[in-house]
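Note that the structure is a prediction, hence the values are computed from the model and not measured. Atoms within each ligand, like the ligands themselves, are counted from 1 in listed order.
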Amino acid sequence: MSSFQSNSENRRAKGKGDIIVVDNKTAFSSEAYDSDVRATIPNYCSFHDETIDLIKTINEVPDIWLDTGCGTGTFGVKVEKYFPSTKCIMADPSESMLSRAKDKLNSENNTYIISGTQDLSCQNDSIDVITSIQSHHYLDLEGRQKATRNCFRMLKAGGVYVTFENIRKNTDIGNIIGLERWKNFQVQNGKSICDAEKHIGRFNNDYFPITLESHIGVLVDAGFSVAEVLWVSAMQAGFYAVK
Ligand SMILES: C[S@@+](CC[C@H](N)C(=O)[O-])C[C@H]1O[C@@H](n2cnc3c(N)ncnc32)[C@H](O)[C@@H]1O
């Protein structure tokens, strides 16, 4: 595997008095990601389950599935389970996240690429399904547009793109209410108020959410003929689009 490391891989963050090496753009080290993510992102498992259910409905046997921003591969494990004959391409700009994914997945047919979505260079019209779950909100609008256009380019005609993201509400009050609910979820799931507030403070600072309407606009501008909301909660949403 290449020795690529982004600047963010060396970022350090304080948590509960310890120094944690944050080796990717999420709030956790790759080592802590799997145990912490469920207490941090409400309905995290639903993102994966809704996506599996959607793809089963549209294409029961995809040949090639790219999971970009795959993180530690938790979703890839589900793809392998429900689509055993599908070849997975797992991509992530963080080498430490990707190597965990490689350890978790079973199939020897899978490919692993260290790259952000916007820089992936898979062939035009070559992929049946592309998923990007909680991985594009670190990008600004221009970066998202570039990443989404790149997914459109790589998909076959009729191919499906699914993305889940943190979202921005339409009003400041809507954001305050949504973020308060998100903070409360984290406290109810064992985080200290201080840690939950620190995490909520990442909104607009470490990641850059856009509204539901802007998400649909990015998909339509990239060329997708179908662009729909799949699922919505307080501060996260899922979308799907068909080429
Ligand atoms: C919150 S994790 C989500 C991981 C996984 N999709 C899941 O469902 O658990 C976000 C991941 O996005 C990756 N990421 C950051 N910037 C990205 C980009 N420009 N393109 C693709 N992935 C990116 C991070 O390295 C990290 O592994």
Novice: Under a 4.0 angstrom heavy-atom cut-off, which atoms of ligand 1 come close to Ile133?
Specialist: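 Heavy-atom distances to Ile133 below 4.0 Å select 3 (C), 5 (C), 6 (N), 8 (O).
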
Novice: May I ask you to list the atoms of ligand 1 that are less than 4.0 angstrom from any heavy atom of Tyr138?
Specialist: 1 (C), 10 (C), 12 (O), 15 (C), 16 (N)

Novice: Measuring from atom 18 (C) of ligand 1, which candidate in Cys70, Ala101, Gly116, Ser132 has the nearest non-hydrogen atom?
Specialist: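 Closest candidate by heavy-atom distance is Gly116.
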
Novice: Side chains of Glu165 and His215: is there a donor and an acceptor less than 3.5 Å apart?
Specialist: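 No donor-acceptor contact under 3.5 Å links the two side chains.
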
Novice: Heavy atoms only: give me the nearest Ala241-Leu219 pair and the separation to one decimal.
Specialist: CB-CD2, 4.0 Å

Novice: Where the closest heavy atom to atom 13 (C) of ligand 1 is concerned, which of Asp119, Asp92, Asn150 has it?
Specialist: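 Closest candidate by heavy-atom distance is Asp92.
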
Novice: For the residue pair Val187 and Ala196, what are the closest heavy atoms and their distance?
Specialist: CG2-CB, 3.8 Å

Novice: Considering both backbone and side-chain atoms of Gln134, is one of its nitrogen or oxygen atoms within less than 3.5 Å of a nitrogen or oxygen in ligand 1?
Specialist: no

Novice: If only side-chain N and O atoms count, and only distance matters, is there a donor-acceptor pair under 3.5 Å linking Arg181 with Asn184?
Specialist: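 On atom types as modelled, these side chains do not qualify, holding no pair under 3.5 Å.
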
Novice: For Gln118 and ligand 1, does the shortest N/O to N/O distance drop below 3.5 Å?
Specialist: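 Yes, since at least one N or O of Gln118 sits under 3.5 Å from an N or O of ligand 1.
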
Novice: Taking only non-hydrogen atoms of Phe164, do any sit less than 4.0 angstrom from ligand 1?
Specialist: no

Novice: Does any N or O atom in Gly69 lie less than 3.5 angstrom from one in ligand 1, N or O only?
Specialist: yes

Novice: Using a strict 4.0 Å cut-off to heavy atoms of Gly71, name the atoms of ligand 1 that fall inside it.
Specialist: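 Within the 4.0 Å cut-off of Gly71, ligand 1 contributes 4 (C), 27 (O).
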
Novice: Are any of the side-chain nitrogens in Asp63 or Lys156 under 4.0 Å away from the carboxylate oxygens of its partner?
Specialist: yes

Novice: With sequence neighbours left out, what residues match Phe203 under side chain to side chain contact (heavy atoms under 4.5 Å, CB included)?
Specialist: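 Residues passing side chain to side chain contact (heavy atoms under 4.5 Å, CB included) with Phe203: Arg168, Asn175, Leu179, Tyr207, Pro209, Met235.
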
Novice: Do the side-chain N and O atoms of Lys146 and Gln118 include a donor-acceptor pair separated by under 3.5 angstrom?
Specialist: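 No, no side-chain donor-acceptor pair sits under 3.5 Å.
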
Novice: For ligand 1, does Leu139 get within less than 4.0 Å through its side chain, its backbone, both, or neither, judged by non-hydrogen atoms?
Specialist: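 It is the side chain that touches ligand 1; the backbone stays farther off.
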
Novice: Just checking, any donor-acceptor pair under 3.5 angstrom between side chains of His136 and Thr117?
Specialist: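 A donor-acceptor contact under 3.5 Å links the two side chains.
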
Novice: So is there a nitrogen or oxygen of Ser115 less than 3.5 Å from a nitrogen or oxygen in ligand 1?
Specialist: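 For ligand 1, there is no N or O atom that lies under 3.5 Å from one belonging to Ser115.
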
Novice: Is it the case that Ser107 and Lys87 place a side-chain donor and acceptor less than 3.5 Å from each other?
Specialist: no

Novice: Regarding Lys243 and the six-membered ring of Phe152, is the cationic atom NZ or CZ under 6.0 Å from the ring centre and inside 45° of its axis?
Specialist: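 Here Lys243 passes the 6.0 Å and 45° test against Phe152.
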
Novice: Can you check whether Thr117 has an N/O within less than 3.5 Å of an N/O in ligand 1?
Specialist: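 Min N/O separation from ligand 1 is below 3.5 Å for Thr117.
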
Novice: Considering distance alone, does some N or O of Thr68 sit under 3.5 Å from an N or O of ligand 1?
Specialist: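 Not met; the criterion fails.
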
Novice: Record the part of Phe47 in heavy-atom contact with ligand 1 below 4.0 Å; permitted values are side chain, backbone, both and neither.
Specialist: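 For Phe47, no heavy atom sits under 4.0 Å from ligand 1.
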
Novice: Under 4.0 Å from ligand 1, counting heavy atoms only, is it the side chain of Phe75, its backbone, both or neither?
Specialist: neither

Novice: Please list, in number order, the atoms of ligand 1 under 4.0 Å from a heavy atom of Ser94.
Specialist: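 What qualifies from ligand 1 is 25 (O).
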
